[in-house]
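Per chain, numbering begins at 1; letters A, B, ... match sequence-line order. What's counted below: heavy atoms across the whole structure, side chains too, no hydrogens, waters or symmetry copies.
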Amino acid sequence: NAFAAGRQGGYTIAPATNYGWDGGRNNFVNGYHDNRMTGNTFNRGPPRMERGRGGVGGGGYRGNRGGSFNPINPAQPMSFGGYGNENAGGWNTAKDAYSSFGNNRGKSAFFNDRGNANRGRFEHGGFGGGGGGGNSRWVEESRDDGDWSKPTPRNERLEHELFSGSNTGINFEKYDDIPVEATGQNCPHHIESFQDVDMGEIVMGNIALSRYTRPTPVQKYAIPIVKSKRDLMACAQTGSGKTAAFLLPILSQIYADGPGEALNAAKASGQENGKFGRRKQYPISLVLAPTRELALQIYDEARKFSYRSRVRPCVVYGGADIGQQIRDLERGCHLLVATPGRLVDMMERGKIGLDYCNYLVLDEADRMLDMGFEPQIRRIVEQDTMPHKGIRQTMMFSATFPKEIQILARDFLEEYIFLAVGRVGSTSENITQKVVWVEESDKRSFLLDLLSATGKDSLTLVFVETKKGADALEDFLYREGYACTSIHGDRSQRDREEALNQFRSGKCPILVATAVAARGLDISNVKHVINFDLPSDIEEYVHRIGRTGRVGNLGLATSFFNDKNGNITKDLLDILVEAKQEVPSWLESLAYEHQHKSSNRGRSKRFSGGFGARDYRQTAAGVNAGGFGGRGGRNQAGHGGTRGFGGGGFGNFYTSDGYGGNYSHSQVDWWGN
DNA sequence: AAAAAAT
């Protein structure tokens with residue numbers, strides 16, 4: 001069960017006050033509101049706020065916690081003896097510790113996070129942010145100075161917080177025959193079980209607590225590659241366990257190697273600023289993500305895998321109070337998860353130095369390197385103090401990776417391994433994909449039909465193209481009596497996280513979202529993804545529908561298609577065929593017509609200059625002699641043959657007309673960026 | 001004719 005699960009219930013902690021949020025809003029209701037109540041009389045502007053969604057659950061957790069501890073002011077310093085020294089060196093395995101917490105949503109009420117609404121991210125460091133320490137400087141330094149490969153003492157309460165969350169049973173056995181391509185010089189052999197590689201006591205203990213049994217395909221390959229200090233570009237389908245595929249080996253290396261120079265640098269920084277002054281932090285590992293919620297989710301995973309270690313993970317992102325984040329950093333930061341803008345801010349404020357950052361991860365790497373993000377990535381990676389490529393280790397992960405972006409990505413990689421589990425950009429066959437012709441004017445009533453046929457307990461994620469559209473549709477559904485919420489970039493960060501929490505918990509089983517929720521978010525029990533508006537590029541489509549059908553579960557994706565979606569016709573058809581989905585005959589005809597209409601077949605102006613790559617598609621089955629290795633290992637754009645479909649079963653849909661034919665549209669034509 | 005990401 002080696003999946004990077006999403007945020008687990010049961011450990012985020014309510015802030016004593018709500019100062020940690022953007023917008024300076026002081027009008028939170030410090031108590032729990034039923035979603036349908038309209039009792040909030042504060043003037044908050046948007047109608048959604050009048051529905052009581054703004055209520056922060058300051059009171060919500062008390063009952064749920066059974067009064068067993070006060071999450072705001074936990075006893076401290078943390079008692080090492082309190083949990084029994086006889087356990088200090090040992091690990092609970094899944095069975096003895098947590099079998100009763102099961103893998104369903106209705107877990108024990110004692111650990112049930114439901115109704116907690118929103119709980120601050122930066123209040124929990126005192127007892128959760130990496131385990132081991134209270135607030136005192138002494139404790140922190142003693143933690144830094146110890147043997148990093150040895151587990152720190154248990155903390156049962158923290159263990160419950162981190163590991164009692166849902167753990168959907170995954171069934172990846174049937175993926176064992178998925179074609180895998182791993183190319184590059186001296187590629188390490190893959191593993192078959194977590195025991196096949198030495199990840200150390202701490203990581204193995206946390207794997208057991210997470211109830212992971214076997215590595216997923218991407219983990220089988222990525223773990224030994226990362227462990228052997230190789231750069232990596234990894235492509236694997238949505239929901240196939242990529243987050244753990246980098247967190248586990250990176251943390252295991254950090255535990256094995258200790259803090260090294262970073263510790264001295266952090267201490268020196270403390271000296272400069274006075275004994276108890278503000279220390280600049282020098283994270284050993286940096287993980288960059290394209291959205292704030294994804295950064296938070298990765299951070300939550302990192303907390304699990306750094307339990308009982310000396311590594312302290314932190315997260316920084318925009319929209320939340322920076323002072324709070326700075327204070328959290330100052331308590332120690334060895335692994336930092338960040339969105340780019342806030343990280344740059346932290347660097348410029350002298351709070352973060354990347355001088356000793358030996359591990360760099362770009363999650364959703366194709367997004368991180370596209371036009372919107374690339375300058376910021378270069379600013380962070382190339383124009384500051386980050387060790388150069390070849391010195392640091394750079395890892396990129398995504399389910400999609402257009403060829404042009406792969407080529408760009410080589411700027412940041414040295415002698416890297418290219419790993420593709422299945423064809424790059426393909427969708428899981430666990431997702432049933434439906435495409436229905438729906439005129440704009442019929443979309444709402446069609447949506448209502450779909451929703452009325454949806455079971456009460458399953459979550460439905462509805463994607464729209466614009467923020468305005470998200471607000472409008474959410475209001476419409478609300479008026480129709482559905483418990484729904486929405487997430488998009490114009491909402492406050494606090495509202496965004498609350499919306500996500502309410503969706504995850506099932507309190508609002510319908511979430512209307514823009515692209516902000518398309519990538520990476522791991523929400524269990526999403527049964528249906530609806531593309532109310534189809535996106536204009538196929539990568540976005542792949543990521544959106546990948547919010548369902550995760551970890552071996554089945555999912556459904558329904559897309560509303562009409563005249564406006566001509567641009568995605570061909571790519572959508574290809575995706576459906578490859579995933580062995582039913583293809584409406586009208587779609588086939590349209591794709592054929594569109595092929596002849598379209599003249600500009602480049603992916604974008606930016607990439608329109610020809611490079612050798614003729615085919616952005618790749619298949620894991622397509623390794624051939626003319627590829628990567630056969631040309632001295634430097635032709636990394638090739639990654640081997642991209643057209644050796646052979647027994648891969650993908651057909652020839654991507655090969656008929658080479659590079660251009662795979663992209664029959666261009667975003668640039670429409671939006672000029 | 002857009003989303004996201006610092007303030």
Asker: Check whether any side-chain nitrogen or oxygen of A/T339 sits under 4.0 Å from OP1 or OP2 of B/dA6, and answer yes or no.
Answerer: yes

Asker: Think A/K467 has a side-chain N or O under 4.0 angstrom from the OP1 or OP2 of B/dA4?
Answerer: yes

Asker: Using side-chain heavy atoms (C-beta onward) and a distance below 4.5 Å, is A/L335 in contact with A/Y299?
Answerer: no

Asker: If you compare every side-chain N and O of A/T514 against the phosphate oxygens of B/dA4 (OP1, OP2), does one of them come in below 4.0 Å?
Answerer: yes

Asker: Round to the nearest Å and state the distance from A/R519 atom CZ to B/dA3 atom C1'.
Answerer: 12 Å

Asker: Provide, to the nearest angstrom, the distance between the CZ atom belonging to A/R349 and the P atom belonging to B/dT7.
Answerer: 9 Å

Asker: Atom CD of A/Q376 and atom P of B/dA5: how far apart are they, to the nearest Å?
Answerer: 10 Å

Asker: Classify the nucleic acid contact of A/V344 as base, sugar-phosphate or nothing, counting any heavy atom under 4.0 Å across all strands shown.
Answerer: nothing

Asker: Tell me, please, which residues at least two apart from A/R544 pass side-chain hydrogen bond (donor to acceptor under 3.5 Å, both in side chains).
Answerer: A/E465, A/N531, A/E540

Asker: Between C1' on B/dA1 and CG on A/D537, what's the gap in Å once rounded to a whole number?
Answerer: 14 Å

Asker: Between B/dT7, B/dA5, B/dA3, spot the one nearest the side chain of A/R342, thanks.
Answerer: B/dT7

Asker: Would you mind reading off the distance between A/D370 atom CG and B/dA4 atom C1', rounded to a whole angstrom?
Answerer: 9 Å

Asker: Rounding to a whole Å, what distance do you find between A/R292:CZ and B/dT7:C1'?
Answerer: 11 Å

Asker: What is the separation between atom CG on A/L521 and atom C1' on B/dA3, rounded to the nearest whole Å?
Answerer: 14 Å

Asker: Under 4.0 Å, counting only non-hydrogen atoms across every strand here, what does A/G372 touch: a base, just sugar-phosphate, or nothing?
Answerer: base

Asker: Decide yes or no for A/R547 and A/T238: does some side-chain heavy atom of the first lie under 4.5 Å from some side-chain heavy atom of the second?
Answerer: yes

Asker: Distance check: side-chain N/O of A/R496 vs OP1/OP2 of B/dA4, anything under 4.0 Å?
Answerer: no

Asker: By side-chain hydrogen bond (donor to acceptor under 3.5 Å, both in side chains), which residues pair with A/D411, not counting sequence neighbours?
Answerer: A/R378

Asker: Taking CZ from A/F463 and C1' from B/dA4, how many angstroms apart are they, rounded to a whole number?
Answerer: 13 Å

Asker: Looking at side-chain heavy atoms only, is the closest gap between A/I322 and A/Y317 below 4.5 Å?
Answerer: no

